[in-house]
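Quick notes on the structure that follows.
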Amino acid sequence: MKRILLTVAYDGTDFCGWQTQPGKRTVEGELNKALTEMTGKEIAVIGASRTDSGVHGKGNLACFDYDGPVPADRFYLALNTYLPDDIRVRASEEVKADFHPRHCDSKKTYEYTYYCDAVPMPTERRFAAYTFVKPDIEAMNRAAAYLVGEHDFKSFCCVRTQAESTVRRIITIDVFARDENHVVIRVTGNGFLYNMVRIIAGTLLEVGAGRYEPEIVREMLNATDRCAAGKTAPPEGLTLVRIEIPPEEKYL
C-alpha cells in the first residue's frame with residue numbers, strides 16, 4: 001500500500017466548494033468518484049484546503065492510499081481521463097505512509113483578483129471580481145502591511161467559523177497591478193480562517209477606493225470583531241495558487 005499525493009487544479013465556478021456534501025457537486029466528490037471508477041475500489045481523498053463555493057484552485061493538494069499497479073508519478077495521467085473538464089490533476093507522487101496534508105507544516109498562497117474598468121468584461125466574470133474603482137495600490141499596500149505577522153484575525157473571518165483559535169500568521173501580502181485592468185492581492189500564510197482572504201480583499205479594496213485610511217486596518221485587527229472590518233469580497237476572484245510543504249514532511 002502506498003500513499004499518493006495529488007496536486008489539483010479546478011475552475012470552482014460550478015462547484016459547491018471542495019468538501020463533499022450530499023446531493024451537491026464538489027471537487028472532492030468528483031475526485032472520489034473518478035478514483036473509485038478508475039481503481040474499482042471505494043476511495044476517499046484527504047484534502048489540504050477546503051475552498052469555498054466558487055473559489056478556484058491551481059495547486060490544492062489531496063492524498064489517498066492505493067495498492068494497484070499504476071506508478072505514483074504517472075497516476076495523474078490516467079486519473080485525468082476520468083475527471084470532468086473543470087478539474088485536472090497536475091502532478092502525482094508517493095509520500096510517506098503517515099503523511100496528512102492538513103497536519104503538517106505548510107505555507108499556502110492565495111491570490112485575489114479584481115477586474116477594474118468602467119464596464120464589466122464578460123470574459124473576466126468567472127475568475128475576477130469586478131469593480132469600477134481604479135484603486136490606489138500604494139494605499140492598499142500600506143494597509144496590508146498591518147496584517148503581516150501573527151495576529152488574532154477574528155475581525156477578518158466569518159462569524160460562523162468553527163476554528164478553536166482565530167490566531168493566524170501572514171508571512172507576506174502584496175498588492176500589485178498585473179496589467180492596466182487587473183489588481184491582484186497575493187497572500188501567503190501558515191493557514192487561513194473561513195472567508196479570511198475574501199474579507200481582507202474586500203477591506204483592502206475599500207482602502208484603495210479611499211473609503212478607509214490605511215491605518216484603520218490596525219484598529220480593525222485590534223477590535224477582534226467581524227463588524228469592524230470591510231465587506232467579504234465575492235468568491236470568483238479567489239484562487240488557491242499553491243501549498244508549499246517541506247520535503248521532510250512528505251518523504252521518508
Side-chain angles (χ1 to χ4, degrees), residues 12 17-19 47-57 59-60 102 105-116 127-131 133 135-176 183-244:
W18 171 275
Q19 191 172 8
S49 185
R50 298 169 178 172
T51 51
D52 297 339
S53 179
V55 174
H56 314 293
N60 207 343
R102 292 198 301 275
D105 182 20
S106 66
K107 292 193 300 184
K108 297 178 181 178
T109 297
Y110 283 88
E111 288 185 355
Y112 195 92
T113 303
Y114 282 109
Y115 180 78
C116 316
F127 304 106
Y130 169 72
T131 177
V133 172
D136 182 340
I137 292 176
E138 182 182 350
M140 293 171 76
N141 273 308
R142 285 181 11 232
Y146 292 106
L147 301 172
V148 175
E150 186 171 275
H151 304 285
D152 186 339
F153 282 96
K154 189 173 183 179
S155 296
F156 290 87
C157 74
C158 177
V159 294
R160 299 193 305 276
T161 184
Q162 298 178 351
E164 293 181 5
S165 170
T166 50
V167 174
R168 295 293 186 272
R169 180 169 64 95
I170 288 182
I171 300 166
T172 60
I173 179 166
D174 297 293
V175 186
F176 58 94
V183 171
V184 179
I185 301 166
R186 180 181 293 152
V187 188
T188 298
N190 68 343
F192 295 92
L193 299 160
Y194 184 32
N195 282 353
M196 180 173 160
V197 179
R198 289 169 57 192
I199 295 168
I200 288 173
T203 302
L204 292 182
L205 183 65
E206 297 282 339
V207 172
R211 300 187 187 103
Y212 295 145
E213 291 298 319
E215 294 72 23
I216 203 171
V217 171
R218 178 171 52 194
E219 297 174 23
M220 291 174 176
L221 269 175
N222 293 337
T224 61
D225 180 353
R226 174 66 190 94
C227 295
K231 297 177 182 177
T232 304
E236 61 268 21
L238 185 60
T239 299
L240 172 58
V241 177
R242 61 182 171 270
I243 301 174
E244 299 170 82

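Residue numbers start at 1 and run along the sequence shown. The basis for the numbers below is simple: all heavy atoms, side chains too, and nothing from hydrogens, waters or symmetry mates.
- Contact check for Asn60 versus Ile243: side-chain heavy atoms found under the 4.5 Å cut-off.
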(Q) Please evaluate residues Phe176 and Asn141 with respect to the criterion side chain to side chain contact (heavy atoms under 4.5 Å, CB included), reporting the C-alpha separation (whole Å), side-chain torsions for both, the decisive distance (0.1 Å), and the verdict. (A) CA-CA 8 Å; Phe176 58 94; Asn141 273 308; over 6 Å; no
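- Atoms CZ and NE2, from Arg218 and His151 in turn, are 11.0 Å apart once rounded to the nearest 0.5 Å.
- Between Asp152 and the choices Thr224, Thr166, Asn222, the side-chain hydrogen bond (donor to acceptor under 3.5 Å, both in side chains) rule is met once, by Thr166.
- When all heavy atoms of Ala139 and Asp136 are compared, the closest pair comes out as N-OD1, 3.0 Å.
- Here the closest heavy-atom approach between residue Tyr114 and residue Ala128 is recorded as C-CB, 4.4 Å.
- Judged by distance alone, with hydrogens and angles left aside, the side-chain atoms of Arg102 form a donor-acceptor pair with the main-chain N or O of Gly47 at under 3.5 Å.
- Side-chain contact check for Glu215 versus Arg142: some heavy-atom pair is nearer than 4.5 Å.
- Considering CG of Leu147 and CD1 of Ile170, their distance stands at 5.0 Å, rounded to 0.5 Å.
- Without hydrogens or angle criteria, Tyr146 side chain to Met220 main chain gives no donor-acceptor distance under 3.5 Å.
- The closest side-chain heavy-atom distance from Ser49 to Leu240 is below 4.5 Å.
- The distance from the CZ atom of Phe153 to the CG atom of Leu193 is 8.5 Å, given to the nearest 0.5 Å.
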Q: Apply side chain to side chain contact (heavy atoms under 4.5 Å, CB included) to Arg211 and Val133, showing your working.
A: CA-CA 11 Å; Arg211 300 187 187 103; Val133 172; 4.2 Å; yes
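- Rounding to the nearest 0.5 angstrom, the gap separating the OG1 atom in Thr188 from the NZ atom in Lys108 is 12.0 Å.
- The aromatic rings of Phe192 and Tyr110 sit perpendicular to each other, their planes meeting at more than 60°, with 30° as the lower class boundary.
- The shortest distance between side-chain heavy atoms of Phe127 and Thr239 does not fall below 4.5 Å.
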Q | Candidate pair Leu204 and Ile173, rule side chain to side chain contact (heavy atoms under 4.5 Å, CB included), full reasoning | A | CA-CA 11 Å; Leu204 292 182; Ile173 179 166; 4.1 Å; yes
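- The backbone N or O of Glu244 lies less than 3.5 Å from no partner atom in the side chain of Ser106, so there is not a single donor-acceptor pair.
- Contact of the Val55 side chain with the Trp18 side chain is not registered, since no non-hydrogen atoms from C-beta on lie closer than 4.5 Å.
- Rounded to the nearest 0.5 angstrom, Met196 CE and Ser155 OG are separated by 11.0 Å.
- Of all heavy-atom pairs spanning Val167 and Ser165, the tightest one is N-OG, 3.2 Å.
- Atom CZ of Arg226 and atom SG of Cys158 lie 8.0 Å apart (nearest 0.5 Å).
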Q.
Using side chain to side chain contact (heavy atoms under 4.5 Å, CB included), reason through Leu205 and Lys231 one step at a time and then give a plain yes or no.
A. CA-CA 9 Å; Leu205 183 65; Lys231 297 177 182 177; over 6 Å; no
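- Contact detail for Arg198 and Pro234: the closest heavy-atom pair is NE-C, 3.8 Å.
- Taking all atoms of both residues into account, the shortest heavy-atom contact from Tyr112 to Ala233 is OH-CB, 3.2 Å.
- Put simply, the side chain of Arg186 never gets that close to the backbone of Glu111: no donor and acceptor are under 3.5 Å apart.
- Considering only heavy atoms from C-beta on, Pro135 comes within 4.5 Å of Cys116 through its side chain.
- Residue-environment remark: CD (Glu213) stays at or below the threshold of 12 foreign heavy atoms within 6.0 Å.
- Listed for the Asn190 side chain is a donor-acceptor partner under 3.5 Å among the backbone atoms of Arg169.
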